[in-house]
Amino acid sequence: MEAVPRNPVETELTVTSPEQMRELGLKLAKLLRAGDLVMLSGELGAGKTTLTRGLGEGLGVRGAVTSPTFVIARVHPPLGDGPPLVHVDAYRLGGGLDEMEDLDLDVSLPESVIVVEWGEGKVEELTEDRLQVQIHRAVGDTTDEVRHVTFTPVGERWETADLGVLTA
């Protein structure tokens with residue numbers, strides 16, 4: 001992985017394989033704690049679920065982390081002392097937080113790490129603090145595995161988080 005400086009708030013990395021994306025999730029898991037919201041954005045096939053798989057592994061949760069596209073949300077309980085992982089795919093949800101209220105994410109947030117794929121414009125109201133992760137990949141007929149991952153911390157919780165550990 002290669003780090004590219006952007007501005008003091010954002011951290012951008014280049015990832016060249018699915019294995020590196022999973023490893024990035026392992027590193028990110030070390031920064032996460034109960035109450036954290038991570039929003040993942042990117043094209044289909046960008047690596048959002050692969051990153052979340054690494055997060056789940058790093059958090060030590062039970063169950064295979066797979067895309068929750070058809071069930072909307074999956075809860076992965078911890079195997080040890082850590083927080084549960086709530087993995088949400090909001091791709092098929094058209095509305096904002098109102099449409100997601102049935103998922104009770106606001107109730108789960110204080111004791112869980114919540115990762116929402118396709119959450120832009122839908123879950124920002126859950127908390128003032130979140131980590132936004134944008135994954136860019138080449139689109140079209142390509143087998144290019146290169147991904148550009150941008151981490152944007154939002155809110156007081158993330159002001160002091162050392163995102164530099166992601167580049168190590």
Heavy-atom closest pair (V113 atom, R33 atom, distance to 0.1 Å) is CG2-O, 3.4 Å
Counting only N and O atoms by type, is there a donor-acceptor contact under 3.5 Å from the side chain of R137 to the main-chain atoms of L44? yes
Any side-chain donor paired with an acceptor under 3.5 Å for T66 and R53? no
State yes or no: do V61 and L79 share one hydrophobic cluster built from I, L, V, M, F, W and Y residues joined by side-chain heavy-atom distances below 4.5 Å, directly or via other members? no
With rounding to the nearest 0.5 Å, note down the distance linking CE in M21 to CG in L51. 6.0 Å
Mind listing the closest non-hydrogen atom pair of G58 and L26 along with its distance? N-CD2, 3.5 Å
Do Q134 and H148 get their side chains close enough for a donor-acceptor pair, meaning under 3.5 Å? no
Give, for atom CG of L31 and atom CH2 of W158, the distance between the pair rounded to the nearest 0.5 Å. 5.5 Å
Side chain H87, main chain V115, donor-acceptor under 3.5 Å: no
With rounding to the nearest 0.5 angstrom, report the CZ to CE distance, R130 to M39. 6.0 Å
After noting the C-alpha distance and the side-chain angles of R157 and D36, does the key distance pass the side-chain contact (heavy atoms from CB on, under 4.5 Å) rule? CA-CA 9 Å; R157 152 69 176 108; D36 284 342; 2.8 Å; yes
Any donor-acceptor N or O pair under 3.5 Å, side chains S17, E145: no
Calculate, to the nearest 0.5 Å, the distance between atoms CD1 and CG belonging to I135 and L40 respectively. 6.0 Å
Check: S41/Q132 side-chain N/O donor and acceptor closer than 3.5 Å: no
When rounded to the nearest 0.5 angstrom, what is the spacing between CD in E117 and OG1 in T49? 3.5 Å
Quick one, V116 and L37 - any side-chain contact, counting heavy atoms below 4.5 Å? yes
How long is the straight-line distance from NZ of K30 back to CG of L166, given to the nearest 0.5 Å? 10.0 Å
Of all heavy-atom pairs between E12 and T150, which one has the smallest distance, and what is that distance? OE1-OG1, 3.5 Å
Kindly give the heavy-atom pair with the smallest separation between H136 and E43, and that separation in Å. CA-OE1, 3.9 Å
State, to 0.1 Å, how close A73 and V88 come at their nearest heavy-atom pair, and which atoms those are. CB-CG2, 4.0 Å
The single option from T52, I114, L85, L32 passing side-chain contact (heavy atoms from CB on, under 4.5 Å) against V38: L32
Could you tell me if the side chain of V133 sits less than 4.5 Å from the side chain of V149, heavy atoms only? yes
Is it true that atom CD of E128 has more than 12 heavy atoms of other residues, nucleotides or ligands lying nearer than 6.0 Å? no
Sub-4.5 Å side-chain heavy-atom contact between V15 and V146: no
Please report the closest heavy-atom contact between V75 and P84, naming both atoms and the distance. CG1-CB, 4.5 Å
For T14, is there any backbone N or O sitting under 3.5 Å from a side-chain donor or acceptor partner on R147? no
